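One structure is given below, encoded as structure tokens.
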2 protein chains.
Amino acid sequence: MGAMPHIPAAAKPTATRKDVARLAGVSTAVVSYVVNGGPKRVSPATEAKVRDAIAALGYRPNAAARALKLGSSEMLGMIVPDTTNPFFVLLAHAVEVAAAERGYALLIANSDASVTAERRHVESLASRRVDGVFLSSVLFEPDLRDLEAADISVVLLNHSTDSPGFASVGVDLRGGARVAVEHLAGHGHRDIGLVMGTSTGGGQDAREVGWLEGIRAAGLVPGPIVRAPFRREDGYRVGLELAASTDRPTALFASSDILAVGLLRAFHESGVRMPEDIAIVSFDGSPEAEFSWPGLTTLAQPIEEMARAAVEALVGDGPASNRIFPPTLVRRASCGCQASDPLTPRTTAAPHHLG
Amino acid sequence: MGAMPHIPAAAKPTATRKDVARLAGVSTAVVSYVVNGGPKRVSPATEAKVRDAIAALGYRPNAAARALKLGSSEMLGMIVPDTTNPFFVLLAHAVEVAAAERGYALLIANSDASVTAERRHVESLASRRVDGVFLSSVLFEPDLRDLEAADISVVLLNHSTDSPGFASVGVDLRGGARVAVEHLAGHGHRDIGLVMGTSTGGGQDAREVGWLEGIRAAGLVPGPIVRAPFRREDGYRVGLELAASTDRPTALFASSDILAVGLLRAFHESGVRMPEDIAIVSFDGSPEAEFSWPGLTTLAQPIEEMARAAVEALVGDGPASNRIFPPTLVRRASCGCQASDPLTPRTTAAPHHLG
DNA sequence: ATGAAAGCGCTAACAA
DNA sequence: TTGTTAGCGCTTTCAT
């Protein structure tokens, strides 16, 4: 306990509902009615007495008891695969806000891209009887058995393939990638490579499909594909290789901002100018893309909307659905759009929308 | 519940401890003993029977019931002021890991630098009967009354002034700032400015004190002080002003990496070269400092250690203490240390440690 | 409009 | 070594 900030002598045992009832001269049921605003009505006079007693005692309902009785903890869980990636961090924060709006607290667990940790966390969340979990899984095809067994609802967050029977919220990876490539082609590029993030599960990432579609649509030949884990340092590593290679493409689509951040750094060190020597468009729309040098043209994910949709899917009462949101192309300097590269204003003016 | 991923027909009511007891042919107490490993011993044979029953039923203890009985939720709360700042995000993650090591889940709440939100979250955490909270307050002198009233332990995380009676964990802001300035002075700079982040509460930030100390120690005259909120865009804004000013200092100490990231961007746009025209040292040691261009020399906070110490302070049994950790100077290119600016290896070799 | 009381699932003191 | 049982604080049905 060493951390108590006050003089222990003052420690009064936490007031319970019974104490309030006694002080207010009513039954415990009545206290419940006023605290919860129902299910029965109470007369204004008694209500006032109860409120006074609550205030006098500093009474605070015990969430555990409530959860036990109700069978609902009014908590939601979220499993985040990578706190090193600002995209997930922003997403988690947005979810926390959206959940709070509906009275739910959020228990966040980081799986750090480990399947074992993911399972362990599912276990812990199930035990805590969360009312549902947002799973941003490492796996392409996440293992939902534990969740099923525990009879807890899931929404797959950041999942972009339609999976009948599951609720999911994601972004249109394929369409976004395609827009990226077409944008680059619009700048006159004919040799457009792909820097693709690799994830744990198998399965092909839709960004790769979209990239290829964009290439085909522009009547081009696919440029080189480079693969690396979704981390800045791996983007850096492959950037160094790309910079040194003799048949370097003139443009690159990077499947994530953090990969692009690594590329930027590698190209700077190698004296490869952007966008003159190589143009880049990336994916996510994180703050790092905005403040990098040059600013990264990126497909911004509508994080708040996705978070809201996910919460709705989890605790709302619509049917299970697969919601796919379109990303927005935010033009900055890395693709060649802006020569002077002024900072993108926060309130993005008239962005290009997909779909 | 539209989000259920399985065929509802299969939904079996969650097994309780009583079901396990029945199936194993023992009493509920015995089940408790094996689940909790005590307080009584059970024979290996019965233990096996119980474990089988648990597995067969997919039994999972109900944390709410346990919390109600024990008066402890085995959850800790953390109030984070700004999820836009990677430092806090990393810190929260480290705390989550450290807490998990001791069997605690972490309920994270973002106050977004709002005092109202901070209070609301304290309220909610208190109601959920968390066993303690980590408070990274917006306020210089946080308001602990609610926490006291709720009789819940607190450790002030990211709090660097000694406050008798409170447990706190922080970094040596003053010493770090001083090292930064001395390092810059060592590079020959005589005009060293300060870009200071402003926070909600009053009170002087120790980094400002340290900066001044460093200046004095080097026998210099204080350079200009510029103040801005702790955000990338504000760093950018003041960077633009600094770039345009006629009596710009030759070096800058920025009180946070994110401020420095904004400065970097502004200087690039303005054609101010770093470190040639202006050298920069910042504070925190976030990944953004590592991947920026040029790489930022920064005072890295020992986040994992701080997190561990905070958890220890909250749930360990030592006396309340004020732990101050020394930051480490990580040399990169922004101060003028590295001409070629290769990426700092992850395993920082022989860094300079503060006393 | 208010009250009495059962019971949510679990722990641990006490009994056997 | 194992079993019985009294609550933890709350919600809500069923009386009054």
Side-chain angles (χ1 to χ4, degrees), chain A residues 12-51 53-54 57-75 103 126-131 150-151, chain B residues 12-51 53-54 57-75 103 126-131 150-151:
Chain A
K12 52 179 186 318
T14 327
T16 82
R17 193 213 39 193
K18 199 195 269 180
D19 301 318
V20 175
R22 184 167 33 229
L23 181 59
V26 299
S27 78
T28 60
V30 174
V31 179
S32 262
Y33 301 152
V34 352
V35 169
N36 304 328
K40 301 282 183 62
R41 298 182 53 86
V42 299
S43 73
T46 6
E47 166 154 1
K49 277 192 302 185
V50 172
R51 293 215 179 283
I54 287 176
L57 261 26
Y59 167 74
R60 224 178 285 277
N62 180 323
R66 187 180 156 87
L68 178 58
K69 181 70 188 176
L70 260 25
S72 154
S73 59
E74 279 153 337
M75 293 192 304
S127 186
R128 298 201 131 87
R129 297 297 193 272
V130 293
D131 297 327
D151 196 44
Chain B
K12 52 176 186 319
T14 328
T16 81
R17 193 215 38 193
K18 200 194 269 178
D19 301 319
V20 175
R22 184 164 35 225
L23 181 59
V26 298
S27 78
T28 59
V30 174
V31 179
S32 262
Y33 301 152
V34 352
V35 168
N36 304 327
K40 300 283 182 62
R41 298 183 55 86
V42 300
S43 72
T46 8
E47 165 153 3
K49 279 193 300 184
V50 172
R51 295 217 178 279
I54 288 176
L57 261 26
Y59 167 75
R60 224 177 285 275
N62 180 322
R66 188 179 154 86
L68 178 57
K69 181 68 187 179
L70 260 27
S72 153
S73 60
E74 279 152 337
M75 293 192 305
S127 185
R128 298 201 130 87
R129 298 296 193 271
V130 294
D131 297 327
D151 196 42

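Lettering of chains follows the sequences in order, A, B, ..., and the numbering in each one begins at 1. All heavy atoms count here, side chains included; hydrogens, waters and symmetry mates do not. Quantities reported herein were computed from a predicted structural model and do not represent experimental measurements.
When atom types are taken as modelled, the side chain of B:Ser127 and the backbone of A:Pro61 share a donor-acceptor pair closer than 3.5 angstrom.
Spacing between atom CZ of B:Arg60 and atom C1' of C:dC10 amounts to 17 Å, rounded to whole angstrom units. With rounding to whole Å, A:Arg128 atom CZ is found 16 Å from C:dG9 atom C1'. Rounding to whole angstrom units, CG of residue A:Asn62 and C1' of D:dG7 are separated by 14 Å. Between the C1' atom of D:dG9 and the CZ atom of A:Arg22 lies a distance of 14 Å, rounded to the nearest Å. Rounding to whole angstrom units, CG of residue A:Leu68 and P of D:dC10 are separated by 12 Å. Here C:dC10 presents its C1' atom at 12 Å from CD of B:Glu74, a figure rounded to the nearest Å.
Listed by first then second residue, pairs satisfying salt bridge (Lys or Arg N to Asp or Glu O under 4.0 Å) with a partner in residues 25-38 of chain B number zero, not counting sequence neighbours.
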Show me the donor-acceptor pairs, under 3.5 Å and distance only, between side chains in residues 65-73 of chain A and residues at least two apart or in other chains.
residue : atom : partner  : partner atom : Å
A:Arg66 : NE   : A:Glu74  : OE1          : 3.3
A:Arg66 : NH1  : A:Asn36  : OD1          : 3.4
A:Arg66 : NH2  : A:Glu74  : OE2          : 3.2
A:Ser72 : OG   : A:Glu74  : N            : 3.3
A:Ser72 : OG   : A:Asp131 : OD1          : 3.2
A:Ser72 : OG   : A:Asp131 : OD2          : 2.8
A:Ser73 : OG   : A:Met75  : N            : 3.3
A:Ser73 : OG   : A:Arg129 : O            : 2.7

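Which of D:dT2, D:dC10, D:dT1 sits closest to the side chain of B:Arg41 comes down to D:dT1. Side-chain proximity of B:Val26 to C:dT2, D:dG3, D:dG9: nearest is D:dG3.
Annotation for A:Val42 and A:Tyr33: closest pair CG1-CB, 3.8 Å, computed over non-hydrogen atoms.
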Walk along nucleotides 11-16 of chain D from 5' to 3' and tag each nucleotide B, S or - by protein heavy-atom contact under 4.0 Å, base first, then sugar-phosphate.
BBBB--

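Using a 4.5 Å heavy-atom cutoff, the side chains of B:Arg51 and B:Val34 are in contact.
A side-chain contact (heavy atoms from CB on, under 4.5 Å) with B:Val30 is found for one member of B:Val50, B:Val20, B:Val35 and no other, namely B:Val50.
Dashed line: the shortest gap from a side-chain N or O of B:Thr16 to OP1 or OP2 of C:dG9 is not under 4.0 Å.
Annotation: of the two residues near DNA chain D, B:Ser43 and B:Arg129, the 5′-most nearest-nucleotide partner is B:Ser43.
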